[in-house]
There are 2 protein chains.
Amino acid sequence: MGRPPAKPPASLDRGLLPSLLGYVLRRAQSAVFDDFANTFAKAGEALTPGEFGLLVLVDRNAGLSQMALARALGIDRSTLVPILDRLQERGLLMRHRSPTDGRTHALALTPAGEKALARFARLVRAHEKRIASHLSAAEIRVLIDLLEKVHSGARSL
Amino acid sequence: MGRPPAKPPASLDRGLLPSLLGYVLRRAQSAVFDDFANTFAKAGEALTPGEFGLLVLVDRNAGLSQMALARALGIDRSTLVPILDRLQERGLLMRHRSPTDGRTHALALTPAGEKALARFARLVRAHEKRIASHLSAAEIRVLIDLLEKVHSGARSL
DNA sequence: GAGAATTTGTTTGATCTTCAAACAATCTCC
DNA sequence: GGAGATTGTTTGAAGATCAAACAAATTCTC
């Protein structure tokens, strides 16, 4: 009989994992996340995908409350507080007092925040272009469609 | 002019986000993760997707070292330690001393671990069935293929 | 073979994320 | 006006993550 290989195999046996949507999804997400971080690091900017999404939502929905934002992001309102603190310290975002409801903060980007967001959006577009470089435009449309189906489908269980 | 709506709109303006692969990927992943947690909670089992993947890898690659496992999972070897500690405390997994290399631990499932993994795999299959219930078998194949392309494509940047 | 360099698992320290529970301020409903 | 709900914040706990330092063991170099 042949002797066992001296070096461990380059790739492990993953069993059923590659056929599981959850597994493949997680790996793709991780790869995309890495490229996002890389793109921003190389440009000398510091931002997470979550922070980018947050800034876009605040930009497009001026006067948003923290509760509404937390709900849109799918996180607890207490989780949001330190995230907003950080963005506010960076001068990207402000919490105004709402004139109509003293409990809520009306969130808005500062002028510097809007300028930064435009810069970030350029980086995100370059990042998206790179991660989709092995896919055709039609494939990307199909992929986004199917992912949206998974999202809204699972949501209704 | 019409008066502004008394209640905030059910859904926010998400701007360019829904056209970004990274964003849609993250949302789908989050929905899938939620269903995974839900499935296990309802069955009275406690397990994360990461732990399931780990158990499958150990099961299919008996005698694996912690370094090899950490590399396969894409995490630091120091991150792996407390995760293995927990699974070992639950009696699912053991660290044997390797006879050929005194530095490494040969990882293996316990008999109880194998029984538990079979139980977990049943739950995962039910979970997969549920999250894909709005997709045809062909769509799932296409989706997994495209996600795999994104993963291996982004990997080579 | 002896010593140097590398590898492995662990510990410690530092951030970050997350939720839950409790709290004060404010609003809404009756 | 007062009871109950909502909002943002603080605090506490758990978990994930990496980096750096460490001892033990192996491998490489001469």
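By convention in this document, chain letters (A, B, ...) are assigned in the order of the sequence lines, proteins followed by strands, and residues within each chain are numbered from 1.
The shortest distance between side-chain heavy atoms of A:L93 and A:L54 falls below 4.5 Å.
Across B:A108 and B:H96, no two heavy atoms sit closer than the pair CB-CD2, 4.1 Å. The two residues A:I144 and B:P18 make their nearest non-hydrogen contact at CG2-O, 3.9 Å. The two residues B:A68 and A:L12 make their nearest non-hydrogen contact at O-CD2, 4.5 Å. Across every non-hydrogen atom of B:L57 and B:N61, the tightest pair is O-ND2, 2.8 Å.
For the pair A:P99 and B:T104, both in contact range of DNA chain C, the more 5′-proximal nearest nucleotide belongs to B:T104.
Straight-line distance from the CZ atom of A:F33 to the P atom of D:dT17: 11 Å, rounded to whole Å. Atom CG of B:D85 is separated from atom C1' of D:dA14 by 15 Å (rounded to the nearest Å). In this entry the distance linking CG of A:L84 with C1' of C:dT17 reads 14 Å, nearest Å. The nearest whole Å value for the distance from the NE2 atom in B:H105 to the C1' atom in C:dT8 is 9 Å. Counting to the nearest Å, the C1' atom of D:dT7 and the CG atom of A:L64 are 13 Å from each other. Remark: P of D:dG15 and CG of B:L47 are 13 Å apart, rounded to the nearest angstrom. Rounded to whole Å, atom P of C:dG9 lies 8 Å from atom CG of B:L107. Nucleotide C:dT8 holds its P atom 11 Å from the CD atom of B:Q66, rounded to whole Å.
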Protein-nucleotides 18-21 of chain C N/O pairs under 3.5 Å:
| from | atom 1 | to | atom 2 | distance (Å) |
| --- | --- | --- | --- | --- |
| C:dC19 | OP2 | A:D76 | N | 2.9 |
| C:dC19 | OP2 | A:T79 | OG1 | 2.8 |
| C:dA20 | N6 | A:S78 | OG | 3.2 |

>> Run the side chain to side chain contact (heavy atoms under 4.5 Å, CB included) test on B:I83 and B:I75 for me, step by step, so that the C-alpha distance in whole Å, both residues' side-chain angles and the decisive distance to 0.1 Å come before the verdict.
In response: CA-CA 11 Å; B:I83 300 173; B:I75 63 177; 4.3 Å; yes
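Ring pair A:F120/A:F40 is tilted by interplanar angle, where 30° to 60° counts as tilted.
Across all strands, B:R86 comes closer than 4.0 Å only to sugar-phosphate atoms, never to a base (heavy-atom distances).
Ranking C:dT10, D:dT7, C:dC27 by closeness to the A:M67 side chain, first place goes to D:dT7.
In this structure, A:R95 reaches the D:dT9 phosphate: one of its side-chain N or O atoms is under 4.0 Å from OP1 or OP2.
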